[in-house]
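Each chain gets a letter, A, B and so on, in the order the sequences are listed, and its residues count up from 1. These numbers come from the heavy atoms of this one structure, side chains and all, not from hydrogens, waters or symmetry mates. This is a predicted model, so every value here is computed, not measured.
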Protein chains: 2
Amino acid sequence: MTENPAPAIRATNVFAANCPSRRVLDHVTSKWGVLVIVALAQSPMRWGALRRRIEGVSEKMLAQTLRTLEADGFVLREAQPTIPPRVDYSLTPLGRSLAARLIPLVTWVGNNADEIVGAH
Amino acid sequence: MTENPAPAIRATNVFAANCPSRRVLDHVTSKWGVLVIVALAQSPMRWGALRRRIEGVSEKMLAQTLRTLEADGFVLREAQPTIPPRVDYSLTPLGRSLAARLIPLVTWVGNNADEIVGAH
DNA sequence: GGTGGTACGCACCATAAAGTAAGTACTCGT
DNA sequence: ACGAGTACTTACTTTATGGTGCGTACCACC
């Protein structure tokens, strides 16, 4: 029998129900998650700047989204113990790698949205 | 007054709250929408095949997702009036264009999911 | 000494999305 | 005549998502 030459990457199957990639995909394609990643890809930002940049996001949702993305290792949170508090958010290398796949998608949607919505 | 030289593409801003691209982005990044698009990019499929391919999707969600994607112009639905019914689904050119941006993302998630989930 | 700014956390309620289960229509095979 | 197969729809329930408002901690400014 031929032995498998140990693949460096273990590709998971998104089509399988119990696959971890399903959960990751949900985080990555979440409503606000996409916008946070893309915003931070343009430049690191403080809490308040993110909130102003991403119109319509509530403080609760922004906090929740940031905590999820931080736990997944996409976003780096740096809090300075100054008064008033100052917290900087930026992408980790993993986050930048993700952003590279997300930005073409968002750009495409931006360019084609009018056509799509008009097609009713 | 200088008249605008009719731009071929009108890029919309996803960061603006009332922008149509927000709605499109939601459809495109919806939980089942991503999987349907990617599945159909591999090959056109009948209803039953899609249902088996995308593990865990309910009939209701599959029908709803397909109707949304069809309305947006990503998916083509071809029903044959035979008994028993036979319905083929495939991507439109617009859908294929979208898939080209979606597949790298899904592939990336598939390759990195283990690392991300393990990083708790 | 009251007000404002920063970056949240928490509790509560409303709504939207998704899951569950069953029903439909029609015909073929047994 | 009964059950299976196809592609759904509908009604009901549960879960997820999102919004509102209040509280916190500390200081700087007026």
Non-hydrogen atoms of [X] and [Y] that approach each other most closely:
X: A/Thr12; Y: B/Val109; answer: OG1-O, 4.4 Å
X: A/Trp32; Y: A/Glu55; answer: CZ3-O, 4.1 Å
X: B/Leu94; Y: B/Asp72; answer: CD2-O, 3.8 Å

### Summary
Only residue of B/Pro93, B/Pro44, B/Ser90 satisfying side-chain contact (heavy atoms from CB on, under 4.5 Å) with B/Leu76 is B/Ser90
### Task
Hey, could you give me the CG/CH2 distance between B/Leu62 and B/Trp47, rounded to the nearest 0.5 Å?
4.0 Å
### Message
Could you walk me through whether A/Leu35 and B/Arg22 satisfy the side-chain contact (heavy atoms from CB on, under 4.5 Å) test, starting with their C-alpha distance in whole Å, then the side-chain angles of each, then the deciding distance to 0.1 Å, before giving a yes or no?
### Response
CA-CA 10 Å; A/Leu35 297 176; B/Arg22 279 282 182 89; 3.4 Å; yes
### Query
First and last nucleotide of DNA chain C touching chain B, 5' to 3', heavy-atom cut-off 4.0 Å?
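On DNA chain C, the outermost contacted nucleotides are C/dA18 to C/dT27.
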## Note on the structure
A correct 5'-to-3' footprint of nucleotides 10-30 of chain D, with B, S and - meaning base, sugar-phosphate only and no protein heavy atom under 4.0 Å, is -B------BBB-----BS---
### Query
How would you label the contact of A/Arg51 with the nucleic acid (heavy atoms, under 4.0 Å): base, sugar-phosphate, or nothing?
nothing
### Query
Quick check: does any side chain N or O of A/Thr92 sit under 3.5 Å from a backbone N or O of A/Gly73, one acting as donor and the other as acceptor?
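Yes.
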### Message
Under a 3.5 Å distance rule, please check whether A/Arg101 uses its side chain to pair with a backbone N or O of A/Ser97 as donor and acceptor.
### Response
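Side chain of A/Arg101 to backbone of A/Ser97, a donor-acceptor pair under 3.5 Å: yes, one is there.
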